[in-house]
K.L.:
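Mind having a look at this structure? Questions to follow.
These numbers were taken from a predicted model, which means no experiment stands behind them. Note that the numbering runs from 1 along the sequence shown for the chain. Quick note: numbers below take in every heavy atom, side chains included, and nothing from hydrogens, waters or symmetry partners.
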Amino acid sequence: MANKVLVIAEAGVNHNGSLDNAKKMIDAAADAGVDIIKFQTFKSEGLVTKNASKASYQEANTGNSDSQLSMLKKLELSEADHIELKKYCDQKGIEFLSTPFDNDSINFLDKLGIRFWKVPSGEITNYPYLVRIARTKKPVIMSTGMAELSEIRDAIDVLKSNGTSDISILHCNTQYPTPFVDVNLRVMNTLKETFGVEVGYSDHTLGIEVPIAAVAMGATIIEKHFTLDRNMEGPDHKASLEPYELKKMVESIRNIELAIGGNEKKPTLSESENRSVARKSIVAKCEISIGDIFTEDNLTTKRPGNGISPMRWNEILGKAATKNYLEDELIDE
């Protein structure tokens, strides 16, 4: 994928099934400076059974009076909506992406021309789904929430053996919101060492600190849910950023991205001018006459640092002065 940190704003289903809301989310994501805005593409009947229960966080946010199927039905976007949203993204200069949750959605998004696939954590053990994704031969970014290393390995093997060679994986915790104690950012290192692929982080914590820390630890892809308003009705709003927070996260990531820099330790351009100001030189502690011997009694170290370095202290001690020095004058023997 890209050399800079790829920032994906996860709109998900936070549009609440409204094309107008979805466009407002595109506006907000573009304003925040993210690279990609991602939606979710599904036909509810092809995603869950009629009697599938909601997750506990979904019940907490939407109540338990309806099933997961009826909840999701309200959050669907039509194919026409997707086509309109992709056009709108093109106009706004932000990349459109959507995660498919069934084969029909994969086929539709493939024809729509998305550049790569984002495989969600819940599909990591869905063999026929992974095969269908892989056979498009497009790059894949795969979240790994809830997964064991062996399950991640199996999914990667399925993708590779069916035509996909460009695979990135995201460390993730599938709880909304994720408790900080369960984030375990060091797992990113494990994933990179184990699978030798590009690694990022999909975040479900509250706030922006953790994705910023993930970038500092080497994440090259960040995914984060956002919403127009956390008080809106729906399953994912409460664990999402509002637009001003999304913008702050992107700004912080770009700053950290710059701050990571390279591996070579040397004076930088910005600090070079301060070397002579902050460092010290060997100077006369008192008046010194020609022929006097330099000792610890008549020498000291003071700023500025554009004279003889104090690291040459023992080299100067014991020498005879070849000129007269006033107090505080730089020694230049």
Side-chain angles (χ1 to χ4, degrees), residues 6 8-26 28-29 34-49 52 54-55 58 68-92 94-143 145 155 159 164 168 170 172 174 176 202 204 221 223-228 234-237 240:
L6 186 72
I8 302 172
E10 169 70 90
V13 294
N14 281 344
H15 47 72
N16 286 358
S18 163
L19 179 62
D20 184 55
N21 282 344
K23 285 186 173 182
K24 289 178 181 177
M25 297 187 80
I26 292 170
V34 304
D35 300 295
I36 295 170
I37 182 169
K38 187 180 80 67
F39 296 93
Q40 295 179 7
T41 305
F42 56 89
K43 296 295 183 183
S44 302
E45 292 84 358
L47 177 57
V48 298
T49 62
K54 294 179 180 177
Q58 292 173 333
Q68 187 177 166
L69 176 61
S70 60
M71 177 192 72
L72 290 173
K73 196 66 182 173
K74 302 171 188 174
L75 304 175
E76 285 183 20
L77 292 173
S78 69
E79 290 188 356
D81 289 338
H82 282 75
I83 294 168
E84 178 65 23
L85 291 176
K86 187 176 185 303
K87 288 179 181 177
Y88 195 69
C89 283
D90 291 342
Q91 293 171 15
K92 291 292 181 176
I94 185 172
E95 184 171 355
F96 172 88
L97 183 65
S98 190
T99 289
F101 285 84
D102 53 72
N103 280 357
D104 287 343
S105 296
I106 294 172
N107 295 337
F108 168 68
L109 290 173
D110 192 26
K111 292 176 183 176
L112 193 59
I114 62 169
R115 183 167 59 95
F116 64 92
W117 299 108
K118 170 63 208 312
V119 173
S121 296
E123 305 298 330
I124 200 168
T125 58
N126 188 346
Y127 177 85
Y129 173 97
L130 295 174
V131 170
R132 179 67 190 89
I133 287 284
R135 286 178 178 169
T136 67
K137 296 182 169 33
K138 291 182 178 180
V140 169
I141 297 176
M142 181 171 65
S143 284
L159 290 170
T164 292
S168 305
L170 304 185
C172 179
T174 309
Y176 306 83
S202 180
H204 297 131
I221 305 166
E223 180 181 66
K224 182 74 173 177
H225 280 265
F226 83 107
T227 179
L228 295 174
D236 295 340
H237 296 287
S240 301

K.L.:
Tell me, please, which residues at least two apart from T174 pass side chain to side chain donor-acceptor pair (under 3.5 Å).
P.N.:
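Side chain to side chain donor-acceptor pair (under 3.5 Å) check on T174 returns nothing, list empty.
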
K.L.:
State, with a plain yes or no, whether a side-chain heavy atom of N16 is found less than 4.5 Å away from one of K74.
P.N.:
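N16 does not reach K74 side chain to side chain.
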
K.L.:
To the nearest 0.5 angstrom, please state how far the CZ atom of F116 sits from the CD1 atom of I133.
P.N.:
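Interatomic distance, F116 CZ to I133 CD1, rounded to 0.5 Å: 11.5 Å.
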
K.L.:
So, taking the atom named OG1 in T49 and the one named CG in L69, what distance separates them when rounded to the nearest 0.5 Å?
P.N.:
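Spacing of OG1 (T49) from CG (L69) equals 8.0 Å.
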
K.L.:
To check you understand the geometry: which heavy-atom pair defines the closest contact between I94 and V34, and what is its length?
P.N.:
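I94 and V34 have their closest heavy atoms at CD1-CG2, 3.4 Å.
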
K.L.:
To the nearest 0.5 Å, how far apart are CG in L112 and CG in N107?
P.N.:
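The CG atom of L112 sits 12.5 Å away from the CG atom of N107.
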
K.L.:
Can you find a heavy atom in the side chain of F42 that is under 4.5 Å from one in the side chain of V13?
P.N.:
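Sidechains of V13 and F42: in contact.
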
K.L.:
Identify, with sequence neighbours excluded, every residue that meets side chain to side chain donor-acceptor pair (under 3.5 Å) alongside Q68.
P.N.:
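None.
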
K.L.:
Would you call K73 and E45 a side-chain contact if the rule is heavy atoms closer than 4.5 Å?
P.N.:
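SC-SC contact between K73 and E45 confirmed.
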
K.L.:
How long is the straight-line distance from NE2 of H82 back to OG of S105, given to the nearest 0.5 Å?
P.N.:
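Reported to 0.5 Å precision, the distance equals 7.0 Å.
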
K.L.:
So among E123, E10, K38, which one has a side-chain hydrogen bond (donor to acceptor under 3.5 Å, both in side chains) with T99?
P.N.:
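Option passing the side-chain hydrogen bond (donor to acceptor under 3.5 Å, both in side chains) with T99: K38.
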
K.L.:
Who are the side chain to side chain donor-acceptor pair (under 3.5 Å) partners of D110, not counting sequence neighbours?
P.N.:
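Side chain to side chain donor-acceptor pair (under 3.5 Å) list for D110, sorted by chain: K138.
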
K.L.:
In sequence, state the C-alpha distance, the side-chain angles, and the governing distance for S98 and T41, and then conclude on side chain to side chain donor-acceptor pair (under 3.5 Å).
P.N.:
CA-CA 6 Å; S98 190; T41 305; 2.5 Å; yes

K.L.:
Are the side chains of D104 and K43 in contact, using a 4.5 Å heavy-atom criterion?
P.N.:
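Counting from C-beta outward, K43 and D104 never come under 4.5 Å.
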
K.L.:
I would like to know whether R115 and I36 meet side-chain contact (heavy atoms from CB on, under 4.5 Å); could you show each step before the answer?
P.N.:
CA-CA 11 Å; R115 183 167 59 95; I36 295 170; 4.1 Å; yes

K.L.:
Restricting to side chain to side chain donor-acceptor pair (under 3.5 Å), what partner residues turn up for Y176, sequence neighbours left out?
P.N.:
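Once residues adjacent in sequence are excluded, Y176 has no partner under the side chain to side chain donor-acceptor pair (under 3.5 Å) criterion.
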
K.L.:
With sequence neighbours excluded, what pairs up with D81 under the side-chain contact (heavy atoms from CB on, under 4.5 Å) test?
P.N.:
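Expected list: L19, L77, S78.
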
K.L.:
So do L170 and I221 actually touch side chain to side chain, heavy atoms under 4.5 Å?
P.N.:
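Of all side-chain heavy-atom pairs linking L170 with I221, at least one is under 4.5 Å.
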
K.L.:
A side-chain contact here means heavy atoms from C-beta on lying under 4.5 Å apart; do F96 and I26 qualify?
P.N.:
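No; the side chains remain at least 4.5 Å from each other.
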
K.L.:
Using 30° and 60° as the class boundaries, would you call the ring planes of H15 and F39 parallel, tilted or perpendicular?
P.N.:
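Aromatic pair H15/F39 classed tilted.
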
K.L.:
I would like to know whether M25 and L228 meet side-chain contact (heavy atoms from CB on, under 4.5 Å); could you show each step before the answer?
P.N.:
CA-CA 7 Å; M25 297 187 80; L228 295 174; 3.8 Å; yes

K.L.:
Do Y129 and P100 come within less than 4.5 Å of each other through their side chains, counting heavy atoms only?
P.N.:
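They are in contact (side-chain heavy atoms under 4.5 Å apart), so the answer is yes.
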
K.L.:
For P128 and N103, work out which heavy atoms get closest and say how close.
P.N.:
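Nearest heavy atoms, P128 then N103: O-OD1, 4.4 Å.
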
K.L.:
Going from CD on Q40 to CG on N14, what distance comes out if it is rounded to the nearest 0.5 angstrom?
P.N.:
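Interatomic distance, Q40 CD to N14 CG, rounded to 0.5 Å: 8.5 Å.
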
K.L.:
Quick one: side-chain contact (heavy atoms from CB on, under 4.5 Å) partners of A155, sequence neighbours excluded?
P.N.:
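side-chain contact (heavy atoms from CB on, under 4.5 Å) list for A155, sorted by chain: I124, L130, M142.
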
K.L.:
Looking at L97, I141, T164, I106, which one forms a side-chain contact (heavy atoms from CB on, under 4.5 Å) with W117?
P.N.:
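In the set L97, I141, T164, I106, the residue that makes a side-chain contact (heavy atoms from CB on, under 4.5 Å) with W117 is I106.
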
K.L.:
Dump the intermediate steps for side chain to side chain donor-acceptor pair (under 3.5 Å) on K118 and S143, then the final yes or no.
P.N.:
CA-CA 8 Å; K118 170 63 208 312; S143 284; 2.9 Å; yes

K.L.:
Quick one: are C172 and E223 in side-chain contact, heavy atoms under 4.5 Å?
P.N.:
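No, every pair of side-chain atoms sits at 4.5 Å or beyond.
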
K.L.:
From T136 OG1 over to K111 NZ, what is the distance, rounded to the nearest 0.5 angstrom?
P.N.:
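Here the rounded value is 13.5 Å.
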
K.L.:
Please report the shortest heavy-atom distance between D102 and G46, naming the atom on each side.
P.N.:
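Smallest interatomic distance, heavy atoms only, reads CB-O, 4.2 Å.
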
